[in-house]
Structures are given as C-alpha cells and as structure tokens.
Amino acid sequence: MSTGSAENGRLQPDITRIPAHPRRKTLFLPLHDVNPHRHVRFPYVTYGLIALNILVFAVQAALPPAAFDEATIYFGMIPIVVRDVYPAPLPWLPDWATLVTYAFLHADWLHLLSNMLFLWVFGDNIEDAMGHARFLVFYLLCAVLAGLAHLLFNLDGNGPLIGASGAVAGVMGAYILLFPHARVFVLARIVIPIPLPVPAFWMLGFWVATQLFYVVIGSQESVAWWAHIGGFVAGVGLAAVMRRSDVMLFGGR
C-alpha cells in the first residue's frame with residue numbers, strides 16, 4: 001500500500017482500496033445453516049443491513065469511475081485521516097465517522113455479495129441471540145473495532161479501508177462462541193464444488209486460521225487481514241456480554 005503524499009497540506013490519497021473480504025482465501029463458501037430461531041420471528045435488522053449495503057453499492061455503481069473513487073476516499077477509513085495526521089477529505093464529516101461509513105462501501109459486486117452471503121447465513125441467529133436493538137449496536141461496534149484493528153497495524157496507511165467484513169467477521173466470531181455445533185452447509189471446492197454439512201466450529205475455525213496464516217506470512221495483497229481478525233475477536237468478546245441471559249455459550253447443538 002502506498003504511503004501517499006501531501007500537497008499544500010492536503011491529503012493526496014492512494015485510491016487503491018483495501019477491501020475487507022471474507023471469501024478470499026477460503027475453500028468453503030457457506031450456503032445456509034441448520035439453526036432455528038428461538039426468540040425473533042423475523043430478523044429484520046440483518047435483512048435491513050443487507051438491503052442498506054446493496055442500496056449503497058447500487059448508488060456507488062451508478063457513479064462515474066472518478067466519482068466512485070472519490071466516494072471511497074470520502075467515506076472509506078483512511079488511517080492517517082482518523083489519526084488526524086491529515087485533514088479529512090470532507091470537512092463536515094468527523095474523522096471518527098469513517099470507522100462506521102467504511103463498512104457500507106464495497107469495491108465491486110463480488111465483494112458485496114460475498115460479504116452479504118456471510119451476513120445472511122450467520123447474522124439472523126446472532127440477532128435472535130441478542131435481540132434486534134442489541135444486534136444492531138453489536139454489528140456497528142464490530143465494524144468500529146475491526147477498523148481500529150486495521151488502523152493499529154497500518155498507522156501510516158493512506159489507502160481507504162472499505163467493506164462490511166470487519167463487522168461480518170464479528171458476527172462470525174459471535175456464532176462460533178454461541179453455536180459452534182450448528183450445522184452449516186458449505187460449498188466445498190475439493191475436486192468439484194459440492195455442498196457438505198460441517199459444524200460451524202470447523203468452518204469458521206478454518207476461516208480465522210486462514211486469516212492468521214496470511215498475517216504471519218506477511219501477505220502483500222490488498223486485503224484487510226487485521227480488520228478481519230479484529231472484527232472476529234471483537235465479536236467473540238461482545239457476544240459473551242450482549243447475548244440474552246438464556247442463550248448459553250457453546251450451546252448450538
């Protein structure tokens with residue numbers, strides 16, 4: 001990632017976007033889970049978040065390429081802007097606000113749809129386990145903490161972080177804590193893609209191990225590995241205190 005430059009005291013951002021992308025580097029694509037709801041009839045927060053992400057990207061996609069890049073710079077999370085090393089590209093938008101807005105931007109349709117697939121599969125049960133309002137707060141907190149994790153390990157970063165998967169990784173962290181034994185049907189790429197039922201612990205455990213592997217080897221890809229890990233850890237910690245009192249830890253059988 002380029003460190004960028006400054007001209008007349010104004011940030012000249014690197015428009016290479018740093019996507020938070022949960023589907024990258026995994027052999028398993030979740031299709032659906034077997035985990036009935038106990039408390040909510042309809043997970044409208046989960047579906048509302050999916051709809052909002054799709055709507056925002058539809059607006060992005062309708063923009064000319066230059067305006068698309070400008071929107072990414074204005075509303076993506078740029079570490080040196082959040083740290084107040086350089087002024088925000090939009091003077092009226094507080095520096096900290098991009099720790100939320102970045103999570104509703106995506107680089108392309110594949111980036112969007114893969115994030116939304118993970119949220120659709122896992123989000124409804126976490127909303128059921130927390131309740132509508134607490135789940136919304138949980139999701140936004142995971143986005144903020146994932147963004148801060150990315151910032152912590154990219155203090156001089158000049159590229160805008162975008163993508164929902166820091167928040168979605170938090171949902172996945174909550175799921176592995178609350179429902180590790182729930183069956184998740186995944187599309188496994190072995191010889192040919194086939195659907196297989198596997199415990200959530202194995203599917204999500206493999207995912208987080210993959211993120212750690214690419215951090216350890218120092219992958220140079222423009223993927224927000226630390227945002228994924230930070231969101232996942234945040235989700236585990238927050239779920240322990242934000243779940244309903246009758247939702248047991250590790251109780252997803």
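Keep in mind that this is a model prediction, so the values were computed, not measured.
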Results of side chain to side chain donor-acceptor pair (under 3.5 Å) for Asp246 - residues two or more places apart only: His39
Ring-ring centroid check His132 Tyr44, cutoff 6.0 Å: yes
With sequence neighbours excluded, residues passing ring-ring contact (aromatic ring centres under 6.0 Å, His included) with Phe75: none
Heavy-atom check, side chain of Glu127 versus side chain of His37, under 4.5 Å: no
Rounded distance [0.5 Å steps], CZ in Phe104 versus CD1 in Ile162: 13.5 Å
By side chain to side chain contact (heavy atoms under 4.5 Å, CB included) - contacts of Phe213 (at least two apart): Ile217
ILVMFWY cluster, Val137 and Leu140 together (side-chain gap under 4.5 Å): yes
Minimum side-chain heavy-atom gap Tyr47-Trp120 below 4.5 Å: yes
Single-linkage hydrophobic cluster Val247~Val40, side-chain heavy atoms < 4.5 angstrom: no
Partner of Val81 by side chain to side chain contact (heavy atoms under 4.5 Å, CB included), out of Pro160, Pro87, Pro89: Pro89
Distance (rounded to the nearest 0.5 Å) between Asp128 CG and Arg244 CZ: 6.0 Å
Path from Trp109 to Leu105 over hydrophobic side-chain contacts below 4.5 Å: yes
For Leu152, side chain to side chain contact (heavy atoms under 4.5 Å, CB included) partners two or more places apart: none
Main-chain N/O of His111 paired with Asp108 side-chain donor or acceptor, under 3.5 Å: yes
From CZ (Phe232) to CE (Met172), nearest 0.5 Å: 7.0 Å
CG on Leu52 to CE on Met116, rounded to 0.5 Å: 9.0 Å
Lys/Arg N to Asp/Glu carboxylate O, Arg83 vs Asp95, below 4.0 Å: no
Any Ile78 side-chain heavy atom under 4.5 Å of Tyr102 side chain: no
More than 12 heavy atoms from other groups under 6.0 Å of CH2 on Trp202: no
Separation of Asp156 CG from Leu151 CG (nearest 0.5 Å): 10.0 Å
Side-chain donor-acceptor pairs under 3.5 Å in residues 53-68, sequence neighbours left out?
residue : atom : partner : partner atom : Å
Asn53   : ND2  : Leu49   : O            : 2.8
Gln60   : OE1  : His106  : N            : 3.3
Gln60   : NE2  : His106  : O            : 3.3

Heavy-atom check, side chain of Met77 versus side chain of Thr101, under 4.5 Å: no
Under 3.5 Å donor-acceptor, Arg243 side chain and Ala240 backbone: yes
Close side-chain approach of Val171 and Tyr139, heavy atoms under 4.5 Å: yes
Non-hydrogen side-chain atoms of Thr46 and Ile50 separated by less than 4.5 Å: yes
Linked, directly or transitively: Ile126 and Phe250 (ILVMFWY side chains, under 4.5 Å): yes
ILVMFWY network linking Leu155 to Leu145, side-chain heavy atoms under 4.5 angstrom: yes
Plane angle bin for His228 and Trp225 - parallel if under 30°, tilted between 30 and 60°, otherwise perpendicular: perpendicular
CG on Leu161 to CG on Asn154, rounded to 0.5 Å: 8.5 Å
Any Pro30 side-chain heavy atom under 4.5 Å of Phe185 side chain: no
Tyr175-Asn35 side chain donor-acceptor pair, cut-off 3.5 Å: yes
Side-chain heavy-atom pair Val186, Leu31 within 4.5 angstrom cut-off: no
Side chain to side chain contact (heavy atoms under 4.5 Å, CB included) involving Ile229 - partner list, sequence neighbours excluded: Gln211, Leu212, Val215, Trp226, Val233
